[in-house]
There are 2 protein chains.
Amino acid sequence: MGTTKFEFYTEEQNELAVLAKAIGHPARIAIIEHLISVGSCVCGAIVNELSLAQPTVSQHLKELKNAGIIKGSLEGNAICYCLDEKGFAKLNAFFGEITTHFENKNNACC
Amino acid sequence: MGTTKFEFYTEEQNELAVLAKAIGHPARIAIIEHLISVGSCVCGAIVNELSLAQPTVSQHLKELKNAGIIKGSLEGNAICYCLDEKGFAKLNAFFGEITTHFENKNNACC
DNA sequence: AAAGTTTATCGTAATATTGCAATATTAATA
DNA sequence: TATTAATATTGCAATATTACGATAAACTTT
C-alpha cells in the first residue's frame, strides 16, 4: 500500500492527476506565478525568490517538468524555464467541463 | 522534514496548492468526473464506480471535502455529494491568469 | 427492538514526498 | 587548463499519503 493504483483508472484520469498533483504544492505554485509575472523565462533566479535551498528548488522544477507543466531549455550556462502550454491545455479542458456543469445548473441537490 | 513549509508562502498560494493537490489523484479525478456525468448528486454509488474499498473512497471524499472541492449533505441514510463551486472558482481564476499569459505571448524563450 | 444499510473512523503497513547537505556535472571565463 | 557559476543528483531523515480490514455510528426498515 501507500501506492496509488494507477491501473484502476483511465490514462486520461491518470494524466490529469499527475498534472494537478504537480501544481499541488505552494512552492510549485510560487514558481508558476513567478514565471507568469516575469513574462518570459527565468533561470536560477527562482532560487532567490523562494525560501528554499537550491537542491529543493531543483527538485520542484524537475517535478513540474516531468508532469508537463513547464519546459526548460539550455541557455549557455543557465537553464531557461517557462510554462508548457500543452499541460495547461489538458487541465483547461477538464476545468471547462466543470464550468459547463455549473452553467447547466446540473449541481442539483447541494 | 517531509513537511511542506507553508509559512514560506502566501495564503493564496497555499490555498491553491491544497485545491490542486486534492485533485491530484486519479481516484479523486474519477469521483469528480462521476459527479459531473451523473448530473446531480450521488451517494455511495461512487464506491461501486471505483475499484477501491469503501473506507478508501470515504477517505478520498473527505479530502475533497476538506479542500473545498465537493460538499455533502445528509439525505436521510445516505449522503449526497456534489461539486463545490467555490473551490473551482479559485482554481479557475488561477488558470485564467495562465491563459492570459499565453494569449499575450509572454512565454518568450521556450 | 432487531436487523440491515450507509458512511465514517481507527489502526496499521507499504510507499511517496519534502527538504537539505554534500557532491557531481556542465558550461563559461579567466 | 584552472576557476567560477549554474544546475542536477545522491543519500538520508522526517513526515505524509494511500489503501484496507475491522469496527463504530447513524439512520431505516422490518
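Chain letters run A, B, ... following the sequence lines, proteins first, then strands; residues in each count from 1.
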Name each donor-acceptor pair under 3.5 Å that joins a side chain in residues 45-67 of chain B to protein atoms two or more places apart or in another chain, with its distance.
| residue | atom | partner | partner atom | Å |
| --- | --- | --- | --- | --- |
| B:His60 | ND1 | B:Arg28 | NH1 | 2.9 |
| B:Glu63 | OE1 | B:Arg28 | NH1 | 3.1 |
| B:Asn66 | ND2 | B:Lys62 | O | 3.4 |

- Item | Set of residues satisfying ring-ring contact (aromatic ring centres under 6.0 Å, His included) with respect to A:Phe88, sequence neighbours excluded | none
- Message: Between P on C:dT5 and CG on B:Asn48, what's the gap in Å once rounded to a whole number?
- Response: 13 Å
- Query: With side chains defined as the heavy atoms from C-beta onward, is the minimum distance between B:Leu91 and A:Leu91 less than 4.5 Å?
  - Reply: no
- Note on the structure: A:Tyr81 has its side chain closest, among D:dA8, C:dT7, C:dG19, to D:dA8
- Would you mind reporting whether A:Leu83 and A:Ile70 have side-chain heavy atoms less than 4.5 Å apart? yes
- Query: Where do B:Ile29 and A:Phe94 land on the side-chain contact (heavy atoms from CB on, under 4.5 Å) test, with the steps shown first?
  - Reply: CA-CA 10 Å; B:Ile29 293 276; A:Phe94 180 61; 4.1 Å; yes
- Message: Just N and O in the side chain of A:His60: are any of them under 4.0 Å from OP1 or OP2 of C:dT17?
- Response: no
- Task: Assign A:Gln59 to base, sugar-phosphate, or nothing according to its heavy-atom contacts below 4.0 angstrom with the strands shown.
- Result: base
- Note on the structure: Separation of D:dT9 atom P from A:Asn66 atom CG, nearest Å, is 9 Å
- Query: Nearest to the side chain of A:Ala53, which nucleotide is it out of C:dT7, D:dA8, C:dC20?
  - Reply: C:dC20
- Query: What does B:Ser58 touch in the nucleic acid at a heavy-atom separation under 4.0 angstrom: a base, only the sugar-phosphate, or nothing?
  - Reply: base
- Do any side-chain nitrogens or oxygens of B:Lys5 fall under 4.0 Å of OP1 or OP2 in C:dC20? yes
- Message: Within residues 7-31 of chain B, which residues have any heavy atom lying less than 4.0 Å from an atom of DNA chain D?
- Response: B:Lys21, B:His25, B:Arg28
- Go through C:dA8, C:dG19, D:dT7 for me and flag the one nearest to the B:Ile79 side chain. C:dA8
- Where protein sits on nucleotides 22-30 of chain C, one letter per nucleotide: B base, S sugar-phosphate only, - none, heavy atoms under 4.0 Å: B----SS--
- With sequence neighbours left out, what residues match B:Thr3 under side-chain contact (heavy atoms from CB on, under 4.5 Å)? none
- note: B:Ile46, atom CD1; C:dT6, atom P; distance rounded to Å ~ 14 Å
- Message: Rounded to whole Å, how long is the line connecting atom CG of B:Leu64 with atom P of D:dT17?
- Response: 13 Å
Pairs under 3.5 angstrom only: tabulate donor-acceptor contacts from the side chains of residues 5-26 of chain B to other protein residues two or more places apart or in another chain.
| residue | atom | partner | partner atom | Å |
| --- | --- | --- | --- | --- |
| B:Thr10 | OG1 | B:Gln13 | N | 3.0 |
| B:Thr10 | OG1 | B:Gln13 | OE1 | 3.4 |
| B:Gln13 | OE1 | B:Thr10 | N | 3.0 |
| B:Gln13 | NE2 | A:Glu33 | OE1 | 2.8 |
| B:Asn14 | ND2 | B:Phe6 | O | 3.0 |
| B:Asn14 | ND2 | B:Thr10 | O | 3.3 |
| B:Glu15 | OE2 | B:Lys90 | NZ | 2.5 |
| B:His25 | ND1 | B:Ala27 | N | 3.0 |
| B:His25 | NE2 | A:Thr4 | OG1 | 3.3 |

- Query: Within this structure, what is the CG-to-P distance between B:Leu61 and D:dA19, rounded to whole angstrom?
  - Reply: 13 Å
- Task: Please tell me which of the listed nucleotides, D:dT7, C:dC20, C:dA16, lies nearest to the side chain of A:Thr56?
- Result: C:dC20
- Atom pair OG1/CZ of A:Thr100 and A:Phe95 - distance to nearest 0.5 Å: 13.0 Å
- Specify the residue among A:Phe6 and B:Thr3 whose closest nucleotide of DNA chain D lies further upstream toward the 5′ end. B:Thr3
- Message: Without decimals, in angstroms, what is the distance between B:Glu63 CD and C:dA16 C1'?
- Response: 14 Å
- Distance from A:Ile69 atom CD1 to A:Ile32 atom CD1, nearest 0.5 Å? 5.5 Å
- Query: Choosing from D:dA6, D:dG11, C:dT6, which nucleotide comes nearest the side chain of A:Ala78?
  - Reply: D:dA6
